[in-house]
Q: 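For reference, the structure I am asking about is given below.
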Amino acid sequence: MGDILAKYNLFAAFWMTIKLSALGAVGALLLGTLLAVMRVSPVTTLRAIGTSYVNVVRNTPLTLLMVFSILGATFTLGLSFSDQATTNAFIWACIIIAVYHAAFVCEALRSGFNTVPQGQAEAARSIGLTFAQSLSQVILPQAFRGAVAPLGSTLIALIKNSTVAAAIGVADAAGLMKTISENETGTLGVFGLFAIGFVILTLPLGLWFTSLSRRLAVKR
Amino acid sequence: MGDPLVLMKDVNKHFGDLHVLQDINLGVDKGEVVIVIGPSGSGKSTLCRTINRLETFESGTITIDGRPLPEEGKALAELRADVGMVFQSFNLFAHKTILENVTLGPVKVRKMSKADADKHAIALLERVGVAHQADKYPAQLSGGQQQRVAIARSLAMNPKVMLFDEPTSALDPEMINEVLDVMVELAKEGMTMVVVTHEMGFARKAANRVVFMADGQIREQSTPEDFFTHPTSDRAKDFLGKILTH
Ligand SMILES: Nc1ncnc2c1ncn2[C@@H]1O[C@H](COP(=O)(O)OP(=O)(O)OP(=O)(O)O)[C@@H](O)[C@H]1O
Ligand SMILES: [Mg+2]
């Protein structure tokens with residue numbers, strides 16, 4: 001196994017997984033928050049858009065979206081971010097990961113909204129805060145604190161799901177694993193190594209989110 | 001005397017089939033303290049909440065200081081800033097400190113500087129006797145203290161009128177007076193108040209008028225003295241009989 005490890009750059013592959021996950025997570029958090037706000041807004045059309053988005057995206061396989069970004073969007077529709085195929089694939093992978101997990105972030109946040117009593121919004125409106133101010137000052141901060149645990153689960157799922165990017169040629173951990181298993185023999189140990197790599201990424205995160213959710217919980 | 005500060009004209013509201021507010025006509029003058037009293041489910045909370053449009057209504061008009069209630073948006077938010085509201089369950093912002101609860105409105109709505117808002121807030125918290133708790137979170141305070149903070153939070157906006165919906169009903173008996181004392185002070189200082197409460201001691205001490213509601217209608221209005229000693233309607237007699245027996 002030693003010669004295999006000398007031949008391939010494991011760290012570069014995991015570094016790619018980390019970059020992909022981090023950018024995807026930031027995008028998913030922003031888009032998911034926007035969707036959650038739409039779903040609680042008083043405007044019927046916005047609510048409907050938010051609901052449809054979540055239902056459509058949640059029920060579409062991630063692999064299908066990922067492959068579509070290259071075969072459909074780049075090749076057929078000509079939507080390319082870079083002349084370099086690898087850069088284009090990386091950017092598309094980040095976008096698809098963000099778009100897909102935004103639906104789950106939205107649902108996690110919605111469970112957070114449900115932890116905020118109606119009276120908080122009424123008190124916010126009563127002192128003259130506008131809808132946007134009530135959201136940003138009172139409702140969202142409490143909703144996020146109530147959603148830390150499900151947001152943590154979503155992030156861990158996102159990291160593991162980022163392996164789907166290998167399907168469009170992104171050189172992440174899963175991509176490297178595929179390359180090694182295709183080209184080398186006696187790769188069982190390598191599989192174990194990759195599994196451990198993912199555990200190292202996700203296990204501390206899970207523990208951190210658990211303690212965070214306890215520390216940030218709103219006392220009522 | 002000019003027009004009433006709060007004026008409800010022929011206000012009607014339904015919850016589904018239930019006609020909760022039936023042709024409500026009520027004027028509250030500047031500096032007046034009006035008590036709303038009546039059996040459970042008679043529409044007292046709903047009446048209180050329509051005044052700052054936490055509840056919508058179908059017909060009639062409500063004006064505050066001569067201005068009709070805006071339907072929604074920024075204009076409604078501006079109007080609400082002038083109408084204080086104190087809830088039965090306090091509703092302090094659970095993730096903010098006591099001080100932040102009181103300064104949020106002045107800073108975000110009145111655009112006051114943080115330093116000025118802090119100073120003003122501390123003075124108000126001193127007035128209601130909880131200044132030493134300024135850095136704590138609501139859950140760390142007793143109910144009576146939370147409610148006094150809620151009053152300070154409303155006062156921080158310099159409201160023209162304050163609405164109280166059963167402000168002492170969720171409190172342990174020994175904490176009721178500390179909240180009522182603050183309210184009596186406010187009344188003495190000339191605050192215009194609409195108070196839903198069954199606290200007759202407070203009504204006698206501070207109120208100019210008692211409004212009796214039953215089944216979504218205002219059945220009777222008079223001074224506290226007259227209302228508690230000579231109620232005219234049978235509904236009021238019946239109701240008083242029930243709350244006076246214990
Ligand atoms: N959001 C709502 N949806 C449907 N019905 C409601 C709603 N809020 C109140 N009601 C009903 O309207 C009626 C009046 O309610 P309201 O809360 O105004 O009464 P109240 O006089 O304040 O009673 P209480 O003394 O119990 O607080 C009640 O029958 C109540 O069940
Ligand atoms: Mg009520």
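In what follows, chains carry the letters A, B, and so on, assigned in the order in which the sequence lines appear, proteins first and then strands, with residues in each chain numbered from 1.
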Q: Let me know if B:L92 has heavy atoms under 4.5 Å from chain A in its side chain, its backbone, both or neither.
A: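 Backbone of B:L92 only, per the 4.5 Å heavy-atom cut-off to chain A.
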Q: Hey, which of B:S154, B:G84, B:A94 has the most heavy atom pairs under 4.5 Å with chain A?
A: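 Looking at each option in turn, the highest pair count goes to B:A94.
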Q: Between A:Q120 and chain B, with a heavy-atom cut-off of 4.5 Å, which part of the residue counts as in contact: side chain, backbone, both or neither?
A: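 Its backbone and side chain both get close to chain B.
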Q: If I compare all heavy atoms of B:V109 with all of A:I127, which pair ends up nearest, and what's the gap?
A: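 Scanning both residues, the minimum pair turns out to be CG2-O, 3.7 Å.
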Q: For B:L54 versus A:S126, what's the shortest heavy-atom pair and its separation?
A: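 In this case the closest contact between B:L54 and A:S126 is CD1-OG, 3.8 Å.
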Q: Kindly determine whether A:E122 and B:F87 satisfy side chain to side chain contact (heavy atoms under 4.5 Å, CB included), including the steps that lead there.
A: CA-CA 9 Å; A:E122 291 185 350; B:F87 302 86; 3.8 Å; yes
Q: How far does OG1 of A:T130 sit from NZ of B:K108, to the nearest 0.5 angstrom?
A: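 One finds 10.0 Å between OG1 of A:T130 and NZ of B:K108.
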Q: Do B:H95 side-chain atoms and A:Q137 backbone N/O form a donor-acceptor pair below 3.5 Å?
A: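 Pair found, side chain donor or acceptor close to backbone of A:Q137.
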Q: Need one label for A:V218: side chain, backbone, both or neither, based on atoms under 4.5 Å from any heavy atom in chain B.
A: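 Contact with chain B involves the side chain of A:V218 alone.
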Q: Non-hydrogen atoms of chain B under 4.5 Å away: do they reach the side chain of A:A124, the backbone, both or neither?
A: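 Contact with chain B: backbone and side chain both.
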Q: Please check if atom CD in A:Q84 has more than 12 non-hydrogen atoms from other residues, nucleotides or ligands closer than 6.0 Å.
A: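 No, the 6.0 Å shell around CD holds no more than 12 heavy atoms from other groups.
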Q: If you count heavy-atom pairs within less than 4.5 Å of chain A, which of B:K74, B:R49, B:Q140 leads?
A: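 Highest number of heavy-atom pairs under 4.5 Å: B:R49.
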Q: Is it the case that more than 12 heavy atoms not belonging to B:E71 sit under 6.0 Å from its CD atom?
A: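 Not more than 12 within 6.0 Å, no.
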Q: Heavy-atom count check: over 12 atoms from other residues, nucleotides or ligands less than 6.0 Å from A:Q118 CD?
A: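 Atom CD in A:Q118 is not packed in, count stays at 12 or less.
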Q: Is the number of heavy atoms from other residues, nucleotides or ligands under 6.0 Å of A:N59 CG greater than 12?
A: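 Enclosed: over 12 neighbouring heavy atoms sit under 6.0 Å from CG of A:N59.
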Q: Can you tell me which of A:R125, A:R145, A:Q133 forms the most heavy-atom pairs within a distance under 4.5 Å of chain B?
A: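 Winner by heavy-atom pair count: A:R125.
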